[in-house]
Amino acid sequence: MEENEKDEVETGKHYINNKKFCKAMTEWKVLVKEAEECDDKRPPVTDYIAESFLKIAEHLSHRPNFINYPFRDDMVGDGIENCLLYAHNFDPEKSSNPFSYFTQIIYYAFLRRIEKEKKQSFIKYKCLQMKDMDGKLVDWMRRESDSANYSEFLQKHFSLTETDISKLEPKKKKKIPKRKRK
């Protein structure tokens, strides 16, 4: 049996062997400390560590609270990027559980991405609304769904309150009376 197959059998239902991951992180941390003492560049993470980051991020993205986002690939990318940025902060002397450490890093990277995307969606909506001077887009959206659903849509996707929604609604044009000829 090859070493990879042996690891798969050992882990069973778990997709990462935490002991092996901890050992790999400890060995890499020794290399990082040696590089810092010699004022060299930090060594890149091993393939096994990078693969573990990828597996953690990918599996976390399939959880029910993250699965339906259209930008899931961006979330995974952000999570891996943050793991690579902060991998040197993992201290094997304090914790022997790198799986949970990096899962937390990825989880919060996902939350930050979701907030960024919400802001971007809101900005897109505001731009559409500003371009929609006659209110045709808003009228179309209201016709497609009743006004209660429209408010719920705005609250759900943009975290808006009722007062924010009322500010977004287009202002009705005042009728200007025609001037009388002299």
Side-chain angles (χ1 to χ4, degrees), residues 1-129 152-161 164:
M1 210 183 278
E2 285 186 31
E3 187 178 322
N4 289 343
E5 291 175 1
K6 187 177 179 184
D7 288 340
E8 294 298 322
V9 172
E10 285 177 13
T11 57
K13 68 177 181 175
H14 303 292
Y15 53 94
I16 291 190
N17 184 338
N18 206 17
K19 289 179 184 175
K20 184 177 177 185
F21 189 32
C22 185
K23 183 180 176 190
M25 284 301 298
T26 305
E27 291 169 359
W28 182 75
K29 274 296 278 190
V30 169
L31 295 175
V32 169
K33 285 182 183 177
E34 289 173 1
E36 286 175 354
E37 290 171 0
C38 298
D39 292 329
D40 289 341
K41 285 175 59 176
R42 190 177 305 137
V45 295
T46 64
D47 288 343
Y48 177 76
I49 294 172
E51 186 179 312
S52 297
F53 293 159
L54 178 63
K55 284 180 182 178
I56 294 170
E58 199 53 52
H59 282 308
L60 189 61
S61 74
H62 289 288
R63 293 212 35 204
N65 45 342
F66 299 123
I67 189 79
N68 289 326
Y69 286 105
F71 44 87
R72 218 178 77 229
D73 292 339
D74 295 333
M75 291 167 40
V76 169
D78 288 349
I80 294 168
E81 178 185 10
N82 283 2
C83 285
L84 293 171
L85 284 173
Y86 301 113
H88 69 280
N89 290 340
F90 176 74
D91 189 1
E93 294 171 7
K94 289 183 181 178
S95 171
S96 62
N97 194 353
F99 175 80
S100 66
Y101 180 79
F102 291 107
T103 300
Q104 284 294 96
I105 288 176
I106 293 169
Y107 178 82
Y108 286 107
F110 284 8
L111 295 182
R112 283 190 297 276
R113 170 56 67 176
I114 291 168
E115 280 302 310
K116 283 182 192 174
E117 293 293 334
K118 276 186 184 178
K119 286 179 185 176
Q120 286 299 325
S121 295
F122 182 70
I123 290 169
K124 287 176 192 173
Y125 175 77
K126 287 296 285 181
C127 288
L128 273 175
Q129 185 189 26
E152 289 173 14
F153 170 81
L154 291 175
Q155 287 174 342
K156 180 180 176 186
H157 292 288
F158 305 116
S159 304
L160 298 176
T161 62
D164 294 334

Once you round to the nearest 0.5 Å, how far does OG of Ser52 lie from CD1 of Ile80?
11.0 Å

Positive for ring pair (Phe, Tyr, Trp, His ring centres under 6.0 Å) with Tyr101, one of Tyr108, Phe90, Phe53
Phe90

Let me confirm one number: the CG-CZ distance from Asp74 to Arg113, rounded to the nearest 0.5 Å.
5.0 Å

Got a sec: does the NZ of Lys29 have more than 12 other heavy atoms crowding it under 6.0 Å?
yes

Roughly how far, to the nearest 0.5 Å, is CG of Asp78 from CD1 of Ile105?
13.5 Å

Determine, for Glu34 against Arg42, whether the closest basic-nitrogen to carboxylate-oxygen distance falls under 4.0 angstrom.
no

Any side-chain heavy atom of Glu51 within less than 4.5 Å of one from Lys55?
yes

Test side chain to side chain contact (heavy atoms under 4.5 Å, CB included) on Leu60 and Arg63 and set out the steps.
CA-CA 5 Å; Leu60 189 61; Arg63 293 212 35 204; 3.7 Å; yes

Let's go through Trp28 and Val45 carefully: what are the C-alpha distance in whole Å and the side-chain angles of both, what is the deciding distance for side chain to side chain contact (heavy atoms under 4.5 Å, CB included) to 0.1 Å, and is it a yes or a no?
CA-CA 7 Å; Trp28 182 75; Val45 295; 3.7 Å; yes

Are there more than 12 heavy atoms of other residues, nucleotides or ligands under 6.0 Å from atom CG of Asp73?
no

Rounded to the nearest 0.5 Å, how far does OH of Tyr48 lie from NZ of Lys20?
5.0 Å

Salt bridge Lys33-Glu37, side-chain N to carboxylate O under 4.0 Å
no

Of all heavy-atom pairs linking Pro43 and Ala35, the shortest is CD-CB, 3.9 Å

Here the gap from Phe102 atom CZ to Cys83 atom SG, rounded to the nearest 0.5 Å, amounts to 6.0 Å

Could you pull out the closest heavy-atom pair between Ile106 and Ala57, with the gap in Å?
CD1-N, 3.7 Å

Heavy-atom count around Asp47 CG within 6.0 Å, excluding the residue itself: above 12?
no

If you take all heavy atoms of Asn65 and Tyr69, which pair is closest and at what distance?
O-CE1, 3.4 Å

Going from CE on Met25 to CG on Asp91, what distance comes out if it is rounded to the nearest 0.5 angstrom?
10.0 Å

What heavy-atom pair brings Gly79 and Ala109 nearest, and what distance separates the two atoms?
CA-CB, 3.7 Å

Check against side chain to side chain contact (heavy atoms under 4.5 Å, CB included), His62 and Arg72
CA-CA 9 Å; His62 289 288; Arg72 218 178 77 229; 3.1 Å; yes

In this structure, are over 12 heavy atoms from other groups packed under 6.0 Å from Phe71 atom CZ?
yes

Within-4.5 Å side-chain heavy-atom neighbours: Ile67 and Ser61
no

Minimal non-hydrogen separation, Phe110 against Val76, with atom names
CE1-N, 3.7 Å

Around atom OH of Tyr107, are there more than 12 heavy atoms from other residues, nucleotides or ligands closer than 6.0 Å?
no

Between Lys119 and Glu115, is there a side-chain N and carboxylate O pair less than 4.0 Å apart?
no

